[in-house]
Amino acid sequence: MAKRRGWSGPDRRCQCSKRAQFFRMRAKMSRYAPSETEPKWQAAWDEAGVFTAKRDPAREKYYVLEMFPYPSGRIHMGHVRNYTMGDVVARYKMSCGFSVLHPMGWDAFGMPAENAAMEKGGHPKEWTYGNIADMKAQMRPLGFSLDWTREFATCDPEYYGQQQAMFIDMLDAGLVYRKNAVVNWDPVDMTVLANEQVIDGRGWRSGALVERKELTQWFFKISDYAGELLEALDGLKDWPEKVRLMQANWIGQSRGLQFAFDLVGAPEGFDTLEVYTTRPDTLMGASFAGISPDHPLAKALEAANPEIAAFVADCRKGGTTEEAIETAEKLGLDTGIRVKHPLDPNWELPVYIANFILMDYGTGAIFGCPAHDARDFEFATKYALPITPVFEPLEGDYPAAEFVPLKSEKVRYVKGFAGGEVQTGEEGVAAAITECESRGFGQGVTKYRLRDWGLSRQRYWGCPIPVVHCAACGVVPERKENLPVRLPDDVSFDKPGNPLDRHPTWRDCTCPSCGAPAKRETDTMDTFVDSSWYYARFTSPRAETPTVAEEVDYWMNVDQYIGGIEHAILHLLYSRFFARAMAKTGHLPPKAVEPFNALFTQGMVTHEIYMTRDANGRPVYHLPEDIEDGKVKATGETVEIIPSAKMSKSKKNVVDPMNIIADFGADTARWFVMSDSPPERDVEWTAAGAEAANKHLARVWRIATEIAEADAPANPAEDDALIKAAHKAIDEVTRSIDGFAFNKAVAKLYELTNTLSKSKAGAEAKRVAMKLMAQLMGPMVPHLAEDVWRLLGGEGFVVQAPWPKADPALLVEDTVMLPIQINGKKRGEITVPKDMPKDEVEKLVLADEAVVKALAGGQPKKLIVVPGRIVNVVI
RNA sequence: GCGGGCGUGGCGAAAUGGUAGACGCAAGGGACUUAAACUCCCUCGGGUGCAAACCCAUGCCGGUUCGAGUCCGGCCGCCCGCACCA
């Protein structure tokens with residue numbers, strides 16, 4: 001084989017040198033060929049069982065989990081980014097010697113499967129399992145370090161049967177109950193609609209105006225845990241602050257006064273009206289009482305009074321979302337009933353039914369103080385009710401509208417009845433509660449905004465609620481030996497509504513209690529139930545019980561959980577509750593009540609949108625792959641480019657990861673999604689960026705092959721510099737991965753690549769540095785890392801090689817450069833020994849040319865020396 | 001409407017309160033090549049200036065500080081969530 005030094009020698013430059021050189025290069029340096037090597041390494045990892053998690057009490061475990069996907073059928077770049085982040089952590093921890101659990105499964109129940117069945121025919125089961133197979137086939141080429149032996153789908157009867165068993169245990173433990181709650185009702189299709197199926201107050205299919213309707217539904221008693229879920233947030237040190245804040249606000253603890261108004265002129269049985277207020281200090285500014293349209297009093301009035309019935313019916317129009325209710329026009333109706341003011345029996349207030357008062361919060365009744373509440377102000381203005389200020393600002397004028405200062409701000413009470421004249425709102429509230437309690441009406445109470453978790457869904461494709469309705473025994477849980485209560489396969493989706501309801505035989509059963517003929521519950525569970533314990537099931541996915549003690553003891557908790565910020569509240573809060581409910585029913589150890597030790601919320605993958613317009617001026621969207629130089633390839637039309645947005649099918653700004661893998665390989669896709677943007681922020685997919693990522697990996701491979709062939713002798717100064725750079729990279733990449741700053745780890749690897757490329761070090765030093773680089777880049781680009789590792793004689797798999805440790809001696813610099821600022825602006829710099837004492841630095845600074853010039857013979861006012869950092873001369 | 005977050009060159013970004021723009025993309029120039037591709041080298045926030053230098057600049061307005069992209073207050077814009085989308 002020809003030696004490298006012959007390449008550029010003038011003696012070799014014969015007329016056919018180019019051709020010869022080409023063939024020599026082919027022979028010596030195989031090109032970067034991910035399509036060949038990636039499947040090879042994946043097969044090798046599989047064969048060696050590298051990623052099969054093993055319970056090994058001798059080793060410390062590490063559980064990495066990415067939020068499992070809904071099986072839509074196609075993976076998208078968001079998945080690639082999410083799972084690559086998890087993979088980086090999993091492979092890194094594996095190299096650090098942990099026994100790693102990194103599983104994957106499918107959040108497989110839910111509406112899209114039923115919608116597909118309605119639109120295209122077929123069965124939700126076939127659709128779902130087909131999608132799972134497709135998506136798995138798309139995920140495998142990405143080379144994730146997943147333990148596929150633990151895979152399951154939440155629609156597997158083996159999974160939902162265990163969920164039913166836990167439901168029964170939780171029912172026994174008093175964690176589940178039934179009550180009435182409102183749903184979106186489509187009066188034309190005669191069916192319950194999900195919030196997303198209500199568009200501008202109308203049903204998505206029928207177009208009918210949606211109504212709020214009450215149904216009896218199952219609830220988890222999450223509100224029993226409101227205080228605990230709130231307090232425990234403080235212990236979640238490795239969760240993003242914003243998520244903890246959002247959850248705290250969602251739980252919404254408040255301290256207030258609950259008291260009863262005496263009613264005047266109310267129907268029989270309604271002597272008093274219980275209200276809850278967080279501002280009892282404004283009681284003297286009350287101008288009306290308000291009740292929810294769903295309040296029992298409103299219902300009683302509705303039955304007897306057609307005007308009220310019409311108004312209440314009007315209030316029930318529209319969807320159930322808080323957003324819809326909060327943004328709707330404030331409507332009220334004077335019931336003619338009056339309440340007596342508790343501080344003055346001669347003072348009566350009108351009672352209104354108002355559409356913005358929620359039955360689910362507090363007591364469903366309030367008193368309004370328009371002077372100090374924006375919503376009450378709007379309402380009072382509209383209905384010409386009195387507006388009486390209770391307090392004023394200490395300084396400045398009283399505002400034209402309502403005056404709502406922070407509760408921590410001091411104000412002057414002009415109509416207070418408790419505490420000092422000048423006090424904060426908080427002090428005013430506390431004093432008012434004490435005063436009311438001592439006067440014998442009302443008491444201070446702590447309430448939460450958090451409502452109980454309604455889990456009933458009037459749909460087919462979900463986990464059946466395992467209860468039976470018996471004429472004699474009432475609602476009875478199914479016997480555990482009869483679980484799972486399986487979904488029937490023979491169902492049709494040709495009409496709206498729940499197919500379980502109209503199935504000819506499925507409902508029929510015998511009462512588990514008395515044995516008489518009975519009917520099954522046809523509601524299924526909210527899919528949030530499925531996703532509230534899958535992390536625990538991964539520890540023993542095939543067990544005959546929901547969990548197995550020794551497995552959950554070993555593997556729980558999840559050490560690192562990764563997913564989208566959109567799950568900040570509901571999924572994560574429900575999981576925190578469910579873990580507590582599982583602990584109470586003996587399915588999780590007490591240590592697992594907070595199941596996720598660390599949480600990371602990643603940003604979206606976005607892309608530009610390409611749009612043209614049709615003859616009618618309506619927008620037409622185009623796939624990125626159909627665009628070239630700002631024009632539609634097929635027609636040559638110029639496209640309008642809309643700035644980046646979340647990838648969505650309807651806007652066609654999607655990039656199929658499969659195309660990227662086909663063009664460049666999995667490592668390129670992985671490298672790209674880890675580079676540039678910080679993981680918590682959105683990342684924009686660009687074709688140029690993907691090509692650049694690919695070029696970089698090809699360059700690394702080329703440098704590696706050159707190094708493998710190199711025979712340059714040792715060169716002490718250069719060798720030391722290179723090894724020092726490599727150790728600096730170890731330090732920086734390690735800290736970046738630990739800190740979830742993958743973009744910075746990538747930047748450091750670019751730097752090390754540049755250093756390696758330019759280095760004049762000897763062959764041996766270069767091989768050492770390149771092998772270190774293979775290890776450092778392994779978590780991001782595992783296939784290329786294995787290639788490089790093997791090429792340079794590494795033993796075994798790089799993913800199993802111990803993570804390199806930076807030698808602290810190689811990280812320190814002997815001298816530091818200190819910028820010199822004059823009045824905060826950089827005007828020069830000096831280089832000094834690292835440990836130079838302050839007074840010597842000062843001497844050097846005062847002798848500096850720029851400083852001498854600026855001082856013009858005078859003395860500085862101040863001289864600030866931050867050792868090793870900066871110097872500031874204040875003149 | 002309510003709650004939370006984000007905002008830095010042409011673009012993605014970096015920066016324990018301490019040199020604003022590391023690293024990458026795009027662009028421009030050069031080397032290699034018959035040519036191109038590949039690869040390699042150089043320049044690259046804006047402005048004034050022959051130059052040395054200096055000024056402006058982290059969404060906008062103010063404040064704290066020797067020093068603010070970073071901390072505080074107020075605005076503007078965009079994004080996420082709002083309990084039956086997952």
Side-chain angles (χ1 to χ4, degrees), chain A residues 18 67-70 72 107 109-112 181 183-184 192-198 217 222 240-243 245-250 252 319-328 330 356 360 374-375 449-459 526-528 530-531 564-571 573-574 601 603-604 606 643-646 675-678 680-684 686 688-689 691-693 695-696 698-699 702 741 743-744 746-751 754 757 817-829 860-864 866 869-875:
Chain A
K18 238 175 20 190
M67 290 180 186
F68 65 164
Y70 180 79
S72 63
D107 190 12
F109 275 136
M111 288 202 309
V183 293
N184 301 305
V192 177
L193 299 178
N195 285 334
E196 71 160 9
Q197 296 173 319
V198 179
Q217 315 214 50
I222 189 172
E241 184 59 34
K242 61 179 169 183
V243 174
L245 234 186
M246 280 191 260
Q247 291 212 353
N249 288 337
W250 185 261
T320 57
T321 69
E322 197 168 297
E323 187 187 0
I325 292 164
E326 294 276 335
T327 52
K330 310 284 174 282
F356 59 85
D360 291 311
R375 211 164 42 183
R449 201 185 74 101
L450 180 68
R451 309 199 294 256
D452 276 335
W453 171 12
L455 67 119
S456 301
R457 296 293 180 272
Q458 295 72 41
R459 272 183 256 289
D526 178 9
T527 56
F528 274 126
D530 311 337
S531 56
I565 186 69
E566 65 272 22
H567 296 292
I569 297 174
L570 293 180
H571 162 61
L573 190 60
Y574 288 156
T601 55
M604 298 179 298
T606 64
S644 262
K646 180 176 182 167
S675 59
D676 292 347
S677 284
E680 67 275 15
R681 222 186 284 183
D682 293 351
V683 64
E684 183 179 6
T686 61
E691 274 166 37
K695 260 187 216 175
H696 169 75
R699 181 175 183 229
R702 197 169 54 245
N743 56 322
K744 284 190 247 171
V746 166
K748 297 303 170 195
L749 288 167
Y750 268 109
E751 267 178 23
N754 288 337
S757 164
M817 197 276 289
L818 292 180
I820 299 176
Q821 292 183 331
I822 295 172
N823 289 337
K825 296 201 173 190
K826 195 202 163 192
R827 286 293 182 262
E829 58 187 51
K861 273 192 202 151
K862 212 167 175 184
L863 187 55
I864 295 150
V866 185
R869 269 289 173 189
I870 203 163
V871 179
N872 193 7
V873 186
V874 185
I875 295 170

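For the numbers below, each heavy atom of this structure counts, side chains included, while hydrogens, waters and symmetry mates do not. Residue numbering restarts at 1 for every chain, and letters A, B, ... go by the order of the sequence lines.
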Tell me if B:G9 is syn or anti. Syn = glycosidic torsion within 90° of 0, anti otherwise.
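B:G9: syn.
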Is [N] paired to anything, Watson-Crick or G-U wobble with both distances less than 3.5 Å, and if yes, which nucleotide?
N: B:C54; answer: B:G47
N: B:C71; answer: B:G63
N: B:C2; answer: B:G81
N: B:G7; answer: B:C76
N: B:G28; answer: B:C42
N: B:U33; answer: none

Has the side chain of [X] got a donor or acceptor that lies under 3.5 Å from a partner of the other kind on the base of [N]?
X: A:Glu322; N: B:C82; result: no
X: A:Asn249; N: B:G3; result: no
X: A:Gln458; N: B:C84; result: yes
X: A:Gln217; N: B:C84; result: yes
X: A:Asn195; N: B:C84; result: no

Using atom [atom1] in both nucleotides, what's the gap between [N] and [M] to the nearest angstrom?
N: B:A27; M: B:G10; atom1: C1'; result: 8 Å
N: B:G7; M: B:A13; atom1: P; result: 9 Å
N: B:C23; M: B:C75; atom1: C1'; result: 35 Å
N: B:G67; M: B:C80; atom1: C1'; result: 36 Å
N: B:G45; M: B:A26; atom1: C1'; result: 15 Å
N: B:C38; M: B:U43; atom1: C1'; result: 22 Å
N: B:U70; M: B:G59; atom1: C1'; result: 16 Å
N: B:U8; M: B:A22; atom1: C1'; result: 14 Å

Using a heavy-atom cut-off of under 4.0 Å over every strand shown, decide if [X] touches base, sugar-phosphate, or nothing.
X: A:Gly454; value: sugar-phosphate
X: A:Leu450; value: base
X: A:Val192; value: base
X: A:Trp250; value: base
X: A:His696; value: nothing
X: A:Ser531; value: nothing
X: A:Asn754; value: sugar-phosphate
X: A:Leu245; value: sugar-phosphate
X: A:Gly110; value: sugar-phosphate
X: A:Asp360; value: nothing
X: A:Gln821; value: base
X: A:Ala688; value: sugar-phosphate
X: A:Ser675; value: nothing
X: A:Lys826; value: base

List the protein contact pattern of nucleotides 37-45 of chain B with one symbol per nucleotide (5' to 3'): B for base contact, S for sugar-phosphate-only contact, - for none; contact means a heavy-atom distance under 4.0 Å.
--SSS----
Can any side-chain N or O of A:Arg449 pair as donor or acceptor with the backbone N or O of A:Trp250 at less than 3.5 Å?
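Side chain of A:Arg449 to backbone of A:Trp250, a donor-acceptor pair under 3.5 Å: yes, one is there.
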Taking A:Asp452 for the side chain and A:Ile222 for the main chain, is one N or O donor matched with an acceptor at less than 3.5 Å?
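It does hold such a pair.
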When you get a sec, tell me which of [options] is the closest nucleotide to the side chain of [X]?
X: A:Ile870; options: B:G18, B:C82, B:A83; value: B:G18
X: A:Met246; options: B:G81, B:C25, B:G4; value: B:G4
X: A:Asp676; options: B:C23, B:G12, B:G1; value: B:G12
X: A:Arg681; options: B:A14, B:G18, B:G4; value: B:A14
X: A:Pro112; options: B:A86, B:U19, B:C23; value: B:A86
X: A:Pro678; options: B:C85, B:A13, B:G18; value: B:A13
X: A:Arg827; options: B:G18, B:C55, B:A14; value: B:C55
X: A:Asn872; options: B:G18, B:G1, B:A86; value: B:G18
X: A:Tyr70; options: B:C84, B:C82, B:A86; value: B:A86
X: A:Thr527; options: B:G5, B:A86, B:C66; value: B:A86

Length of the [atom1]-[atom2] vector between [X] and [N], whole Å:
X: A:His567; N: B:G5; atom1: NE2; atom2: C1'; result: 17 Å
X: A:Tyr750; N: B:G24; atom1: OH; atom2: P; result: 7 Å
X: A:Glu196; N: B:C82; atom1: CD; atom2: C1'; result: 15 Å
X: A:Ile325; N: B:A83; atom1: CD1; atom2: C1'; result: 11 Å
X: A:Leu570; N: B:C84; atom1: CG; atom2: P; result: 7 Å
X: A:Ile569; N: B:C85; atom1: CD1; atom2: P; result: 14 Å
X: A:Leu749; N: B:C23; atom1: CG; atom2: C1'; result: 11 Å
X: A:Arg451; N: B:C2; atom1: CZ; atom2: P; result: 18 Å

Name the residue closer to the 5' end of RNA chain B, choosing between A:Phe528 and A:Glu691 according to the nucleotide with the nearest heavy atom.
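Between the two, 5'-proximity favours A:Glu691.
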If you pin A:Val874 and A:Val746 to their nearest nucleotides in RNA chain B, which one's is more 5'?
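Whichever sits nearer the 5' end wins; that is A:Val746.
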Could you pull out the closest heavy-atom pair between A:Pro240 and A:Thr601, with the gap in Å?
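Taking A:Pro240 first and A:Thr601 second, the nearest heavy atoms are CG-OG1, 4.1 Å.
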Drop me the distance from A:Met817's CE to A:Ile870's CD1, to the nearest 0.5 angstrom.
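The CE atom of A:Met817 sits 9.0 Å away from the CD1 atom of A:Ile870.
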Rounded distance (nearest 0.5 Å) linking atom CD of A:Gln458 with atom CG of A:Leu193:
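Spacing of CD (A:Gln458) from CG (A:Leu193) equals 10.5 Å.
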Describe, in one word, how the ring planes of A:His696 and A:Tyr750 are oriented to each other, choosing from parallel (under 30°), tilted (30 to 60°) and perpendicular (over 60°).
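Tilted: the ring planes of A:His696 and A:Tyr750 meet at 30° to 60°.
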With a 4.0 Å cutoff (strictly under), does any side-chain N or O of A:Lys744 reach OP1 or OP2 of B:G12?
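So the side chain of A:Lys744 is outside the cut-off, no N or O lying under 4.0 Å from OP1 or OP2 of B:G12.
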So, is A:Asn743 close to the B:A14 phosphate, meaning a side-chain N or O under 4.0 Å from OP1 or OP2?
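Indeed, a polar side-chain atom of A:Asn743 lies that close.
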